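Taking it in order: structure first as structure tokens, then the write-up.
Keep in mind that what you see is a predicted model, and the values were worked out from it rather than measured.
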Amino acid sequence: MKKIIDPENLSDYDVIKKCINGDEEFFEILISRYKNLVYSIILKMVNDKEEANDLAQEVFIKVYRNIDKYSDEFKLSTWITRITTNHIIDYRRKKKRDTVPIEDVSYDTSTDISPESEYLKKEQKLNLERLVGELPEMYKIPIVLYHQKGLTYQEIADVTNQSLSKVKNRIFRGRKLLKNGFLKEYTDY
């Protein structure tokens, strides 16, 4: 009698071993666990939902083709994030176009917040997202991974294959560029 395996109780590494051993249906478990992470990273970088869906599929094809190269010395989320960011960089190089990641923002409307302050908050958020989109890639990727995806400096260093000090420096400089851009926008009036 075959033992029934509950896929939800399997670790990522166990699921990967099953995929490597030819149990392709287990790859769907990895997709369900990481599709939101991959999609959200891509959407922040390309700001087009259809394009993000296509790119996410391409990322998972790369993950599937390279699953046997995964090393458990890194968290699987870090490895997948690295594949995702590298894929986006390659894609953008091929397209040779600059995108501005502005996402649709919806706020909860509360009686305590005036329409004017709500509008100003929304405008500031959109301006900040536009400024992030205008950053050079070397600053934008660490900023997005740290502030919007919640990765640690070390995880970003692993994902981008950069030294920890370089990651910290790029986040610092990226923040400084954002601050200067933000201040310039509001002092030009």
Side-chain angles (χ1 to χ4, degrees), residues 2-95 99 101 103 129 132-133 135-172 174-175:
K2 191 173 182 179
K3 185 178 176 184
I4 297 175
I5 300 172
D6 179 13
E8 297 303 315
N9 293 333
L10 290 175
S11 70
D12 286 342
Y13 191 67
D14 289 335
V15 173
I16 288 171
K17 286 193 287 190
K18 294 230 176 256
C19 291
I20 291 171
N21 290 332
D23 294 328
E24 295 175 4
E25 66 272 8
F26 281 90
F27 191 70
E28 290 177 29
I29 296 169
L30 291 181
I31 292 173
S32 68
R33 289 181 185 175
Y34 292 100
K35 67 183 174 189
N36 291 337
L37 172 69
V38 169
Y39 179 77
S40 65
I41 291 170
I42 294 170
L43 189 59
K44 294 268 186 222
M45 298 300 229
V46 299
N47 192 36
D48 180 311
K49 292 179 181 182
E50 235 176 83
E51 201 171 12
N53 277 325
D54 292 343
L55 289 169
Q57 289 178 8
E58 292 170 14
V59 165
F60 280 110
I61 289 169
K62 282 187 174 183
V63 168
Y64 181 77
R65 288 183 179 157
N66 293 291
I67 197 95
D68 59 328
K69 296 179 179 118
Y70 170 71
S71 167
D72 64 347
E73 93 180 64
F74 299 108
K75 288 177 18 181
L76 183 61
S77 60
T78 302
W79 186 71
I80 289 175
T81 300
R82 182 179 202 170
I83 291 172
T84 303
T85 54
N86 287 342
H87 187 69
I88 294 167
I89 290 168
D90 291 344
Y91 169 78
R92 289 182 70 178
R93 279 185 190 142
K94 286 177 190 170
K95 286 287 190 181
T99 59
E103 59 188 29
E129 288 176 352
V132 169
L135 286 174
E137 289 284 324
M138 64 191 285
Y139 301 122
K140 183 187 331 188
I141 290 172
I143 289 283
V144 167
L145 293 177
Y146 183 78
H147 288 287
Q148 296 175 347
K149 296 295 140 209
L151 270 63
T152 65
Y153 288 145
Q154 185 59 56
E155 288 171 330
I156 296 168
D158 294 340
V159 165
T160 60
N161 204 23
Q162 302 284 331
S163 70
L164 187 60
S165 62
K166 189 175 274 190
V167 167
K168 289 179 181 180
N169 184 282
R170 288 186 175 173
I171 290 174
F172 174 80
R175 286 177 182 154

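- Side-chain contact between Ile80 and Leu30: absent, with no pair of heavy atoms (C-beta onward) separated by less than 4.5 Å.
- A donor-acceptor pair under 3.5 Å links the side-chain atoms of Asp48 to the main chain of Glu50, judged by distance alone.
- Here the straight-line distance linking atom NZ of Lys17 with atom OG of Ser11 works out to 7.0 Å at 0.5 Å rounding.
- Distance check: Asp72 CG to Tyr13 OH gives 4.5 Å after rounding to the nearest 0.5 Å.
- Taking the six-membered ring where tryptophan is involved, the planes of Tyr153 and Tyr146 are essentially parallel, since the angle between them stays under 30° and well short of 60°.
- Lys140 places a side-chain N or O within donor-acceptor distance of the main-chain N or O of Gly133, the cut-off being under 3.5 Å.
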Anything under 3.5 Å between a donor and an acceptor, one on a side chain of residues 35-42, the other on a protein residue two or more places apart or in another chain? List them.
from: Ser40; atom 1: OG; to: Asn36; atom 2: O; distance (Å): 3.0
from: Ser40; atom 1: OG; to: Leu37; atom 2: O; distance (Å): 3.0
from: Ser40; atom 1: OG; to: Lys149; atom 2: NZ; distance (Å): 2.8

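- Closest approach of Asp90 to Lys62, counting heavy atoms only: OD2-NZ, 4.2 Å.
- Between the side chains of Gln154 and Asp158, at least one donor N or O sits under 3.5 Å from an acceptor N or O.
- For the pair Val132/Glu129, no side-chain contact is recorded, criterion being any heavy-atom separation below 4.5 Å from C-beta on.
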Stepwise side chain to side chain contact (heavy atoms under 4.5 Å, CB included) check, Val15 with Lys18 | CA-CA 5 Å; Val15 173; Lys18 294 230 176 256; 5.7 Å; no
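- Residue Ile20 comes nearest to Asp68 through the heavy atom pair CD1-CA, 3.7 Å, listed as atom of the first residue, atom of the second, then distance.
- The two residues Ile29 and Ser32 have their closest heavy-atom pair at O-OG, 2.8 Å.
- Between Gly174 and Ile143, the shortest heavy-atom contact is C-CD1, 4.0 Å.
- Put simply, CD1 on Ile83 and CZ on Phe60 are 9.5 Å apart, with the number rounded to the nearest 0.5 Å.
- Paired with Leu151 under the rule side-chain contact (heavy atoms from CB on, under 4.5 Å), one option of Thr160, Val167, Ile156 passes, and it is Ile156.
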Step by step, would you call Trp79 with Val63 a side chain to side chain contact (heavy atoms under 4.5 Å, CB included)?
-> CA-CA 9 Å; Trp79 186 71; Val63 168; 3.8 Å; yes
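- Using a 4.5 Å heavy-atom cutoff, the side chains of Ile31 and Tyr64 are not in contact.
- The CD1 atom of Ile16 sits 13.5 Å away from atom CG of Asp23, with the distance rounded to the nearest 0.5 Å.
- Rounding to the nearest 0.5 Å places OG1 of Thr85 at 10.0 Å from CD of Glu137.
- Phe26 and Cys19 make their closest contact through C-SG, 3.7 Å (heavy atoms, listed as atom of the first residue, atom of the second, distance).
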Could you check Asn86 against Asn161 for side chain to side chain contact (heavy atoms under 4.5 Å, CB included), going step by step and ending with a plain yes or no?
-> CA-CA 10 Å; Asn86 287 342; Asn161 204 23; over 6 Å; no
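- Of all heavy-atom pairs between Met45 and Ile88, the closest is CB-CG2, 3.7 Å.
- Here OG1 of Thr81 is found 12.5 Å from CZ of Phe74. Values are rounded to the nearest 0.5 Å.
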